[in-house]
Number of protein chains: 2
Amino acid sequence: MAAGRRRRRERRAPSTGVPRLPWRDLVNPLPPVEVLSADQIEAIHQASLRVLAEIGMKVLGSDARSRLERAGASVDHEEMMVRFDPSMVEEYMALAPPEVTIRARNPAKSVTLGGNHINFYPVGGPSFVSDTDRGRRAGTYAEMCDFLRLVQCFDILHAGGASPFEPLDLPAESRHLDKCYAAITCHDKVWSASMLGGFRARDALEMLCIVHGLDYAELPENVVGLGNINTNSPRQLDESMSDALTVLAEAGQPVVVTPFTLLGAMAPTTIAGALTQQNAEALAGMVLAQVVRPGAPVVYGGFTSNVDMKSGAPAFGTPEYVKATQAGGQLARRYRVPYRTSNTNASNVVDAQAAYESEMSIWAAVTGHGNMIAHSGGWLEGGLVASFEKLVIDAEMLQMMAEYLQPIVVDEDTLAIDAIAEVAPGGHFFGATHTIARYETAFYAPVVSDWSNFETWQERGSLTATQRANRIWKLLLEEYEAPPMDPAIDEALRDYITRRKPEIPKGV
Amino acid sequence: MAAGRRRRRERRAPSTGVPRLPWRDLVNPLPPVEVLSADQIEAIHQASLRVLAEIGMKVLGSDARSRLERAGASVDHEEMMVRFDPSMVEEYMALAPPEVTIRARNPAKSVTLGGNHINFYPVGGPSFVSDTDRGRRAGTYAEMCDFLRLVQCFDILHAGGASPFEPLDLPAESRHLDKCYAAITCHDKVWSASMLGGFRARDALEMLCIVHGLDYAELPENVVGLGNINTNSPRQLDESMSDALTVLAEAGQPVVVTPFTLLGAMAPTTIAGALTQQNAEALAGMVLAQVVRPGAPVVYGGFTSNVDMKSGAPAFGTPEYVKATQAGGQLARRYRVPYRTSNTNASNVVDAQAAYESEMSIWAAVTGHGNMIAHSGGWLEGGLVASFEKLVIDAEMLQMMAEYLQPIVVDEDTLAIDAIAEVAPGGHFFGATHTIARYETAFYAPVVSDWSNFETWQERGSLTATQRANRIWKLLLEEYEAPPMDPAIDEALRDYITRRKPEIPKGV
């Protein structure tokens, strides 16, 4: 297997000529950008504690309500309203670990959430898929597998995802099983369980146990998966979400709790107000995880943006989004838990807007010390579409950010006084000894950027970055090889799926 | 005149429906991002002092060489080589002021360089112009005036520029006079003098004296212009540049000194080495300005990027560029002088690449505390082209950054606990009292971003951001009104140009 991996790695670059960065545990060497003062963070923290204590969170699942009640929350079961005493919130949040490492099928691709680690996750959840050949359409399982294969091709994506878009050719009640199988076989990275109901989360974990040779009871000592729940903002936690959260927390697998707080729609129009609500909802979810299993790994999810007040349409990568993202990181660090952010945009096409809104998001996420940057590759149209071309453009933007974060080396050799002395005034360094020793690896080599002059670019067809991205993902799919898989595990996975499918009632 | 300005402002938004941010003295409330430690900055400083002392700078102008020699530099006139003692550099640099305010024709648009002030300057210098209707072409004076009119339409651009691209229909030796006239009449903002020879710099200052009602001798007490010189990297200062620098410094007008240090071409392949060389060259230019006039305002220009090592083509907005830009700010602050950066990209078309490379540049410039961000609006194709559509896209990106820098207000009102209490769980805030009171001005309103849903976007023609930008600049040109100008000043400017043109020999 090691020899197989090495062979593939050697073949990769020559076969397509698409340069890519190698796998790297990306660590941010810079301090986070802080847009709020410590006093302002404390004010938002206190306001969110007031929301939780005085106004409350509607928790639709009776099991979750009962668990919270037993742990000390004040519960009105009639109204399904849960109110949290501030001391309860503080005590349970103190149990959450600051960092968690998730083991991937390929151990070299295990990831750590927390500290200064940055993990780029691909897009997840859209209803549609698009590429510039076939346009925007409902996706199929086969296309979804192609998308996951491309995710495997880019080592800058630390996680592989399970569902970059919905495979609508499969039955809704059981397609999560097929998605898990695709996530396990198309790539060898970490991926997220579907959190739409406890049984889906459980199926994902069962299949991960097969992959890693674990008994289900061994899961809490073996972190191999994760899942993201969204609160139904404002102030509601749906039963499917709390059930899945409970399954994951019981198994000691990380739960990401992400309120979706659009200013002016699901949250107040002010950033401070939306952050207050985001914080209250995130705390409610993370506290529930601690109640289920003290010390369960949790991740603080921030997803605060604004709407277009003329149309109510969601906007992403906006100035408000950037500020809320950086401030969200400050709140997550206030509770010493990892922080999840996103790479977003609201464009309907892979154009300059898609790129500049994504860059605003990526810079916000990275400078705000997001540990898990969701939707990093392929998100388009406010999250309704997964785009093949956007995946390639995103990979470029993420790689550029990863290279930016590599520290500058300053020493006698790099200061290059001898090289400066060697080249005559007004001359050039192309032939300098210092240059020749370094030129092959000196600089970041782009995936899709074209730096050729106008005439050369014209001769090559005057292609935009999006048109070049279209060519690139097809080249990469041609060279793709599935990561090696033990046939016995593969068979066990297929057996599990075959057994489970008939057990699941239609329409759930 | 005041009434006239008010009337235009009131009319602007309704006439085109293109929302734009108002004029604002933009101040960065955040500390700079520092990619180098204090020790590393000191190492680069010391290395560049060694370059200046031991290797030297070739200064082609005999006047500049003699001035430097009289001030204590060691000069080899035969080889035109000037070597600077470190103490001479430190002493002269200590004379440079940390901040300078430049008065605009419209006093409300005066700008301050230094501290945390951010000033966005439009593109300057390309040989070509492009728009998506007429393609890439040599530009004319009439088109250049249209470009400057658009610059006037965007208050996010703090300066107006004099030459967004070369008006190649005018004779080379005297077209600087026409460019100055366009800069004075098409907009009412600060602009840069041409620094291609002392006589051009002098003409610009003479015309600025006419505008501001000054005698030339009064200039040092009245800062009304500025100019940028480039060293001819590596380690050479051309005569046209040192002559223009001398004219500006004598007149007490700010001189921006910008080495163009492309890693692997005009500088070593290492960032530390390129910064060492950039720093040496910038110091040489700024010291010359201090020698000409102690206390003359100077600006440290950083323009370090890398080439594509396969083709030698310049690359911009790269990871190396971002790091060098932020580190350059640290060096400028080491000398307590304002810092000039740029908004760059190497794309041949206004596409996703143009946007993401520009965003990398803008984030680098803003987080690195660039005070003067040159080429902010309209630069394309590595600076060979000024693009009408890129100008509009850039305006959007700059406005988003300016809005991001507005601090979050955290108080009882914005924390919005009452609004959170008012909206039922799972409900929405569209009708909430808190929302209604704020919705019209709550969020940033975009210039070119389209946040409509896919169906609406399709109905409107499925336009990319670049196609929408094409429509927008035409709309803005339709509504453009020249800023008011005293007819007597206008006549004096025309007289000056008429008198000067025949005096200038052809081919200079």
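Every chain is numbered from 1, with letters handed out A, B, ... down the list of sequences. Computation of the quantities below employed the complete heavy-atom set of this structure, encompassing side-chain atoms and omitting hydrogens, waters and symmetry-equivalent molecules.
Within the structure, salt bridge (Lys or Arg N to Asp or Glu O under 4.0 Å) contacts touching residues 432-452 of chain A (residues at least two apart or in different chains) are D413(A)-R438(A).
Checking side-chain atoms of E359(A) against main-chain N and O of M360(B) turns up no donor-acceptor pair under 3.5 Å. Distance alone, capped at 3.5 Å, places no donor-acceptor pair between the N348(B) side chain and the S462(A) backbone.
Heavy atoms of N232(A) lying under 4.5 Å from chain B belong to its backbone as well as its side chain. Within the 4.5 angstrom heavy-atom criterion, no atom of E389(A) approaches chain B. For chain A, the nearby part of S233(B) is the backbone; its heavy atoms alone come within less than 4.5 Å. Interface remark: L237(B) contributes no atoms to any contact with chain A (heavy atom separation under 4.5 Å). Contact annotation for E396(A): only side-chain heavy atoms (C-beta onward) come within less than 4.5 Å of a heavy atom of chain B. Heavy-atom distances place no part of A354(B) under 4.5 Å from chain A, backbone and side chain included. Proximity to chain A is limited to the side chain of E381(B), based on heavy atoms less than 4.5 angstrom apart. In this structure, the portions of L263(A) lying under 4.5 Å from any heavy atom of chain B include both its backbone and its side chain. For chain A, no part of V385(B) is nearby; none of its heavy atoms comes within less than 4.5 Å. Only the side chain of V51(B) comes within contact range of chain A, with at least one heavy atom under 4.5 Å from a heavy atom of that chain. Contacts between P314(B) and chain A at a heavy-atom distance below 4.5 Å involve the backbone alone (N, CA, C, O). Heavy atoms of L30(B) lying under 4.5 Å from chain A belong exclusively to its side chain. A432(B) does not touch chain A: none of its heavy atoms, backbone or side chain, sits under 4.5 Å away. Contacts between E79(B) and chain A at a heavy-atom distance below 4.5 Å are absent for every atom of the residue.
Around CZ of R136(A), the count of heavy atoms belonging to other residues, nucleotides or ligands within 6.0 Å exceeds 12. Counting heavy atoms of neighbouring residues, nucleotides and ligands inside a 6.0 Å radius, atom CD of E412(B) does not exceed 12 of them. More than 12 non-hydrogen atoms from other residues, nucleotides or ligands lie less than 6.0 angstrom from CZ of F454(A). Around OH of Y439(A), the count of heavy atoms belonging to other residues, nucleotides or ligands within 6.0 Å does not exceed 12.
Of the listed residues M266(A), K310(A), M80(A), the one with more heavy-atom pairs under 4.5 angstrom with chain B than any other is M266(A). Per-residue heavy-atom pair counts under 4.5 Å with chain A were compared for Q399(B), M57(B), Q458(B), Q406(B), and the maximum is reached by Q406(B). Of all the listed residues (S37(B), G264(B), A43(B)), the one sharing the greatest number of non-hydrogen pairs under 4.5 Å with chain A is G264(B). For the options E34(B), E403(B), E422(B), heavy-atom pairs under 4.5 Å to chain A are most numerous at E403(B). Heavy-atom pairs under 4.5 Å with chain B peak, among P268(A), A313(A), A315(A), at P268(A). The candidate from A402(B), A364(B), A47(B), A274(B) with the greatest count of non-hydrogen atom pairs under 4.5 Å with chain A is A47(B). If you tally non-hydrogen atom pairs under 4.5 Å between each of H428(A), M400(A), R468(A), Q236(A) and chain B, the highest count goes to M400(A). Per-residue counts of heavy-atom pairs under 4.5 Å with chain B were compared for A265(A), A445(A), A346(A); the largest is that of A265(A). Considering only heavy-atom pairs separated by less than 4.5 Å from chain A, the leading option among N453(B), V350(B), I362(B) is N453(B). Here A272(A) is the residue among G427(A), P29(A), A272(A) with the most heavy-atom pairs under 4.5 Å with chain B. Counting heavy-atom pairs under 4.5 Å between each of Y444(A), F128(A), Y321(A), W457(A) and chain B puts W457(A) at the top. Each of N306(B), I271(B), L275(B) has some count of heavy-atom pairs under 4.5 Å with chain A, and the biggest count is that of N306(B).
Screening Q326(A), K323(A), E320(A) for a side chain to side chain donor-acceptor pair (under 3.5 Å) involving Y404(B) leaves a single residue, Q326(A). Checked against I408(B) for a side-chain contact (heavy atoms from CB on, under 4.5 Å), the options I44(A), L36(A), T270(A) give a single hit: L36(A).
Counting all heavy atoms, side chain and backbone alike, M397(A) lies closest to Y356(B) at SD-CB, 3.6 Å. Contact between V307(B) and F443(A) at its shortest, heavy atoms only, is O-CD1, 3.2 Å. When all heavy atoms of A424(A) and P234(B) are compared, the closest pair comes out as O-CG, 3.5 Å. In terms of heavy-atom proximity, T466(A) sits nearest to A352(B) at OG1-CB, 4.5 Å. Between A465(B) and Q353(A), the shortest heavy-atom contact is CB-N, 3.8 Å. When all heavy atoms are compared, the tightest approach of K58(B) to P425(A) is CB-CB, 3.6 Å.
The CD atom of E281(A) sits 8.5 Å away from the CD1 atom of I420(B) when rounded to the nearest 0.5 Å. Between atom CG of residue L415(B) and atom CZ of residue R50(A) there is a gap of 9.0 Å, rounded to the nearest 0.5 Å. Atom-to-atom distance recorded for Q277(B):CD and I417(A):CD1 is 11.5 Å, nearest 0.5 angstrom.
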side-chain contact (heavy atoms from CB on, under 4.5 Å) between W363(B) and M401(A), intermediate numbers included: CA-CA 11 Å; W363(B) 274 91; M401(A) 191 56 82; over 6 Å; no
Quick one, W451(B) with T318(A), criterion side-chain contact (heavy atoms from CB on, under 4.5 Å). Give me CA distance, side-chain angles, the key distance, then yes/no. CA-CA 11 Å; W451(B) 297 334; T318(A) 61; 3.7 Å; yes
Set out, in order, the CA-CA distance, both residues' side-chain angles and the distance that settles side-chain contact (heavy atoms from CB on, under 4.5 Å) for D39(B) and V410(A), then state yes or no. CA-CA 9 Å; D39(B) 284 353; V410(A) 179; over 6 Å; no
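Counting heavy atoms from C-beta on, the side chains of M309(B) and T435(A) come closer than 4.5 Å.
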